[in-house]
K.L.:
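Encoded as structure tokens, here's the structure I'll be asking about.
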Protein chains: 2
Amino acid sequence: MVTIQQLSQELGIGADTLRVWERRFGFPRPERDARGHRLYPSEQVEHLRIIKKLQNLGHRPKQIFAMTATERQHFLHQQQKPVEQNDLDYLTKKLPVGKIDKELRHRLVQKGLRQFVLQVAVPLIDIMDRRWVDGSLSIAREHLLSDTLAELLKEQLYPQRQPRGRIVFLTLSGERHKLGLLLSAALFHCEGLDCIIIGEELPLVEVEQMTELHGADAVAISFSVHSSTRQAKQDLARLRKNLPERIKLIAGGYALRNGMYLPGILVCTDLNQIGDLCVREFPALNMG
Amino acid sequence: MVTIQQLSQELGIGADTLRVWERRFGFPRPERDARGHRLYPSEQVEHLRIIKKLQNLGHRPKQIFAMTATERQHFLHQQQKPVEQNDLDYLTKKLPVGKIDKELRHRLVQKGLRQFVLQVAVPLIDIMDRRWVDGSLSIAREHLLSDTLAELLKEQLYPQRQPRGRIVFLTLSGERHKLGLLLSAALFHCEGLDCIIIGEELPLVEVEQMTELHGADAVAISFSVHSSTRQAKQDLARLRKNLPERIKLIAGGYALRNGMYLPGILVCTDLNQIGDLCVREFPALNMG
DNA sequence: CCATGATTTTGTCCTAGACAATTGTTCACA
DNA sequence: TGTGAACAATTGTCTAGGACAAAATCATGG
């Protein structure tokens, strides 16, 4: 028996949404305490878990709520793409906790940073994503994997001897997904650029200040799932106006996935574009 | 100009509460967009920051809202200990970015971990807090200091040769304040315990699983400003019920500052108590 | 087949009222 | 003066049902 607030937190669904679902679709139908406040029995919580999973898979509430509980169960099983027999998969499930770091490091020295990012880190995050959707990856293990990977990548960003340029990486207020930032930073690093991870949730107004402080040639900003395309465009336009012209502005992330054109901004929708982008925008220094 | 949701997240005050404050006290008094939705100008956001800070200092809304804006400012300054001419102060203001890490490391080797935590890290965080309130510390610099300090502390948590025990550190859903966790972990480490930082925002149900996975003897949980005392108590009770008896449960953080008694739970309101707690609860192994 | 406009669907916000839990105050009594 | 119990005020969270823009889907013409 949980309150609406607990449920909201646990599922990541707004309390308002839960109430409106009840009004519109007749589910969930919680019991009430003496004051008339909602109390959700654990049975309904489980149903909601399934509903959330289906929603994560891209289905819309109308479609989901049209089904009966058993139909939903069935549908979910049918929908879940099996995680391929990827050789990375055991990292997310079987491997004992203490060995994850060792294993990742082994692969890093084997492949080199660039290949490691593209062939190990990206697919691994993809698997984690899918497991998250179907609920087969615990939050705790997800944290552990993310943190280990993040730390490993961060270590690789040592300063270059003859940097082709210097980029500060950040996300704006409200964002946080360090891994995305680190992945792109690692690839820029491979191209000979100094990469500085500033941190997350930086207010718009402080970006310029930070650029100056670090003597950077460029700012790279990542927009995650949570920010709308419109908001991203707006923020970028404002930033471009405030930033000196010589500072390049690189933008990427889910919110910009459609690859629109924005004046004065280097939109980068794919990690594979980073190589080309560097060749174009950061001409190599003369060899001494 | 921010929406009520953004504001709610930023301040850690529920949207309902913000509306009810407006109704009862006449502040904040946001503007409205075309639909009649609230839009808070940044000026009011700053005032709310001060109000939240006063509330954290233990004052009640009635008292706070009875004052005018300038009175509140005054009152807050009066309440706050002034930033002493502490020799740490220059870290937050003057020191060039690149030297922060070096400076902290220097002090660490000079003082040793224990004294570093108590005499450097804690006062530094305190100064950052106060500077944050009066706006004289930019978010960017705060991030930088926090991250540098966190990384430094994390490095120190190498495994013990003959651990007196093993503790996993975590915060529950919705919490995040890594530094607090790391500070206490560092002190437990000084007492000869293996400390494992699990991560933040772990769902309640996964705590037990994590403890087993790491073979821990104890779980340490920190409750920050954002969680209410009531919620903290409730979570702890639930956790105690689910966890095997042999697993100790250590709780600390702002929400438990009053030091109430909770059956079967080691409440730790002050970093200085950690030494005693370890002596009591983790008897040293026989010397080989 | 793609673009563009019309039509659902959906999440979030609105108002104003209610009430339990917490905190503060009063007052009798040792 | 201190203690504790009864009473009063304060405060955060919940309720209901209505509203509406942004996003998604559908329909239509090129």
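All chains are named by letter (A, B, ...) in the order of the sequence lines, taking the proteins before the strands, and each is independently numbered beginning at 1. The shown structure was predicted, so the numbers you read here are calculated from the model rather than taken from an experiment.
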K.L.:
What's the CD-C1' distance between Glu22(B) and dG12(D), to the nearest Å?
P.N.:
16 Å
K.L.:
Under 6.0 Å between ring centres, would you say that holds for Trp21(B) and Phe65(B)?
P.N.:
yes
K.L.:
Strictly below 4.0 Å: does Arg19(A) bring a side-chain N or O up to OP1 or OP2 of dA16(D)?
P.N.:
no
K.L.:
Taking Arg130(A) first and then Asp126(A), would you say they form a salt bridge - that is, a charged N and a carboxylate O separated by under 4.0 Å?
P.N.:
yes
K.L.:
Would you call Arg32(B)-Glu22(B) a salt bridge at under 4.0 Å N-O?
P.N.:
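Counted as a salt bridge, because a side-chain N and a carboxylate O are separated by less than 4.0 Å.
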K.L.:
Between P on dT13(D) and CG on Asp33(A), what's the gap in Å once rounded to a whole number?
P.N.:
16 Å
K.L.:
Nearest whole Å is fine: how far is dA23(D) C1' from His59(A) NE2?
P.N.:
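Going from NE2 in His59(A) over to C1' in dA23(D) covers 18 Å.
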K.L.:
Spell out, as yes or no, whether a donor-acceptor pair under 3.5 Å connects the side chain of Glu71(B) to the backbone of Thr68(B).
P.N.:
yes
K.L.:
Show the nearest heavy-atom pair for residues Arg49(A) and Leu11(A), with the distance to one decimal.
P.N.:
CG-CD2, 4.0 Å
K.L.:
Quick one: on DNA chain D, does Arg23(A) or Ile4(A) contact a more 5' nucleotide (nearest heavy atom)?
P.N.:
Ile4(A)
K.L.:
To the nearest Å, give me how far apart CD1 (Ile64(B)) and P (dT23(C)) are.
P.N.:
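The distance from CD1 of Ile64(B) to P of dT23(C) comes to 14 Å, rounded to the nearest Å.
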K.L.:
Take the protein atom CD1 of Ile13(B) and the nucleotide atom C1' of dT11(D), then report the distance between them rounded to whole Å.
P.N.:
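The answer, rounded to whole Å, is 13 Å.
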K.L.:
Once you round it to whole Å, what is the distance between C1' of dG12(D) and CG of Leu18(B)?
P.N.:
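Going from CG in Leu18(B) over to C1' in dG12(D) covers 11 Å.
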K.L.:
Side-chain N or O of Arg32(B) versus OP1/OP2 of dT15(C): is the shortest distance under 4.0 Å?
P.N.:
yes
K.L.:
For the CG atom of Leu277(A) and the NZ atom of Lys248(A), what is their distance to the nearest 0.5 Å?
P.N.:
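Between Leu277(A) CG and Lys248(A) NZ, I get 9.5 Å after rounding to 0.5 Å.
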K.L.:
Once rounded to the nearest 0.5 Å, what's the spacing between atom CD1 of Ile13(B) and atom CG of Leu48(B)?
P.N.:
6.0 Å
K.L.:
Tell me whether Arg72(B) forms a cation-pi arrangement with Phe27(B), defined as NZ or CZ under 6.0 Å from the six-membered ring centre and within 45 degrees of its axis.
P.N.:
yes
K.L.:
Near DNA chain C, counting only heavy atoms under 4.0 Å, which residues of residues 36-44 of chain A show up?
P.N.:
none
K.L.:
For nucleotides 8-11 of chain C, which of its nitrogen or oxygen atoms have a protein nitrogen or oxygen under 3.5 Å away, and what is each distance?
P.N.:
from: dT9(C); atom 1: OP1; to: Lys62(A); atom 2: NZ; distance (Å): 2.3
from: dT10(C); atom 1: OP1; to: Pro61(A); atom 2: N; distance (Å): 3.2
from: dT10(C); atom 1: OP1; to: Lys62(A); atom 2: N; distance (Å): 2.6
from: dT10(C); atom 1: OP2; to: Lys62(A); atom 2: N; distance (Å): 3.3
from: dG11(C); atom 1: OP1; to: Gln55(A); atom 2: NE2; distance (Å): 2.9
from: dG11(C); atom 1: OP2; to: Trp21(A); atom 2: NE1; distance (Å): 2.8
from: dG11(C); atom 1: N7; to: Arg24(A); atom 2: NH1; distance (Å): 3.1
from: dG11(C); atom 1: O6; to: Arg24(A); atom 2: NH2; distance (Å): 2.7

K.L.:
For the atom pair CZ (Arg35(A)) and CG (Leu39(A)), what is the distance rounded to the nearest 0.5 Å?
P.N.:
8.5 Å
